[in-house]
Amino acid sequence: MNRDGIDGREPAFLKKSLMDHANQPATSRQYMIALHKWRSGVAFAACTVTLVCAVYAIVAGMLLYTAQGYHPSELFRFFTTDANILTAAAAGMIIPFTVEGYRRKQFTYPKWLALVHYAGTICVTLTMVCAVGLISWFDRELAFGGYNIFLHIVCPVMVLVSFFLVESDRKISCKEALLCLLPFAVYAMVYTAEVALIGEQNGGWPDFYQAMVYMPAGVSFVLLVVAALAVSFGIRKVYNSLTDRRERRMMAHWDPAAAPVEIKIEVFGLGRYRGLHGDDRAALPLDIFRMLTERYGLTEEELARAYLRGLLDGRAERKERKAQ
């Protein structure tokens with residue numbers, strides 16, 4: 001086995017015409033490296049769009065509310081504002097991981113952050129659902145007029161598109177779909193307490209969403225719960241379907257007839273590349289290991305050994321180059 005982690009030849013496992021700089025078919029590890037660079041770039045663009053849209057929505061709402069003679073702080077009583085703050089926070093925290101992923105050729109970020117991103121997307125989507133299905137019935141201007149068309153329609157649509165573009169290599173479970181409804185549930189309880197239990201006449205909030213004007217409070221509560229569940233599980237279904245399709249597309253670049261030793265050679269080469277060009281915090285690509293294990297019958301331990309040998313080999317060469 002030579003310094004490139006191959007035994008005198010470069011296996012070509014791609015079924016599509018991904019070409020390298022020498023105009024030769026790229027190896028599977030080269031495809032994985034290119035894939036993570038692509039993921040990092042797409043995630044950076046998507047999260048930047050999300051952040052810009054969310055911040056603009058918040059600022060636009062504050063300007064609109066101030067123009068109507070209210071104190072800007074009162075804007076934070078609205079679910080639309082709080083949802084956009086949550087979305088902006090999640091996107092803003094993911095952006096550094098996209099930059100690091102592009103540099104290290106391995107895009108990954110914590111699971112808890114992926115769930116915060118998901119929760120924010122659920123919340124802004126609910127604002128759109130409420131605007132279209134509830135607010136527009138009694139006040140179309142409040143739902144779609146002026147800045148509100150951006151707050152209630154444009155921003156949620158852009159956030160949805162951005163969320164589906166950011167790949168986390170994880171699927172969303174039913175438990176997580178319920179867990180990520182927590183921000184909505186907390187707001188719903190606060191709103192109910194302020195409007196129904198305390199009441200505006202006692203210093204509580206006015207029923208600015210008109211949730212208890214045209215129907216009993218119990219009916220509004222049931223409808224909102226149903227809408228929240230539908231949004232959460234609908235987003236989950238689409239996201240998981242996209243993840244399945246991405247995994248199938250990824251595995252199409254690995255020859256199903258390849259011998260296990262060839263797969264370990266490719267994994268070694270992937271580790272060596274990241275050791276040579278990455279840093280000391282390189283993480284194991286467990287998502288790739290899982291798919292390779294399912295297809296080729298290799299264990300994660302075997303793949304991890306090959307990857308770590310390549311990683312250490314790459315790091316050793318990187319240190320030699322720095323010393324020269």
Side-chain angles (χ1 to χ4, degrees), residues 1-45 47-48 93-110 113 166-169 246 250-251 253-255 258-293 296 298-324:
M1 185 175 292
N2 62 21
R3 296 289 293 180
D4 291 326
I6 57 176
D7 54 355
R9 64 188 178 89
E10 190 76 3
F13 295 152
L14 295 185
K15 292 183 179 294
K16 299 180 181 180
S17 59
L18 178 66
M19 309 302 287
D20 65 12
H21 295 299
N23 202 33
Q24 295 296 321
T27 62
S28 300
R29 61 180 169 81
Q30 289 172 324
Y31 171 75
M32 293 300 159
I33 292 165
L35 175 64
H36 276 272
K37 289 177 64 176
W38 167 255
R39 282 180 174 177
S40 300
V42 170
F44 176 81
C47 287
T48 299
M93 287 187 288
I94 291 174
I95 287 176
F97 288 97
T98 68
V99 176
E100 187 72 359
Y102 190 86
R103 188 175 70 84
R104 296 167 53 197
K105 316 300 185 292
Q106 186 176 1
F107 174 54
T108 182
Y109 58 103
L113 185 51
V166 177
E167 302 180 39
S168 67
D169 293 324
R246 288 162 181 158
M250 180 189 298
M251 292 310 295
H253 293 277
W254 295 79
D255 183 2
V261 67
E262 293 178 303
I263 300 304
K264 286 192 282 188
I265 287 170
E266 285 292 270
V267 172
F268 176 94
L270 181 62
R272 183 180 180 280
Y273 180 92
R274 288 181 175 159
L276 187 61
H277 301 283
D279 57 35
D280 294 334
R281 294 174 295 162
L284 293 175
L286 296 178
D287 58 316
I288 298 174
F289 289 178
R290 173 176 51 80
M291 289 182 281
L292 295 178
T293 297
Y296 299 102
L298 293 163
T299 66
E300 288 189 347
E301 184 180 354
E302 291 176 297
L303 295 171
R305 280 204 205 101
Y307 182 86
L308 289 173
R309 282 198 301 268
L311 184 68
L312 293 172
D313 186 81
R315 286 180 60 190
E317 182 171 339
R318 177 158 53 92
K319 289 180 180 178
E320 290 176 8
R321 291 182 180 181
K322 287 182 178 179
Q324 291 176 355

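Reckoned from all heavy atoms, side chains included, excluding hydrogens, waters and symmetry mates. What you see is a predicted model, and the numbers here were worked out from it, not measured in a lab.
What you find for L292 and I263 is that their closest heavy atoms are CD1-CG2, 4.0 Å.
Listed by chain and number, the residues in a ring-ring contact (aromatic ring centres under 6.0 Å, His included) with F44 amount to none (sequence neighbours excluded). Legend: residues meeting ring-ring contact (aromatic ring centres under 6.0 Å, His included) with Y296, ordered by chain and number and at least two apart, are absent. A search for side chain to side chain contact (heavy atoms under 4.5 Å, CB included) contacts involving L113 returns M93, I94, F97, Y109, P110, not counting sequence neighbours. When the side chain to side chain contact (heavy atoms under 4.5 Å, CB included) test is applied to A45, no partner is found at least two apart in sequence or on another chain.
The structure places CD of E301 at 11.0 Å from OG1 of T293, a figure rounded to the nearest 0.5 Å. Rounded to the nearest 0.5 Å, atoms OH (Y307) and CG (L312) are 10.5 Å apart. The line from CZ of F268 to CG of L311 is 10.0 Å long, rounded to the nearest 0.5 Å.
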Carefully, step by step, assess R318 and R321 under the rule side chain to side chain contact (heavy atoms under 4.5 Å, CB included).
CA-CA 5 Å; R318 177 158 53 92; R321 291 182 180 181; 5.8 Å; no
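Counting heavy atoms from C-beta outward, E317 and R272 have side chains that approach closer than 4.5 Å.
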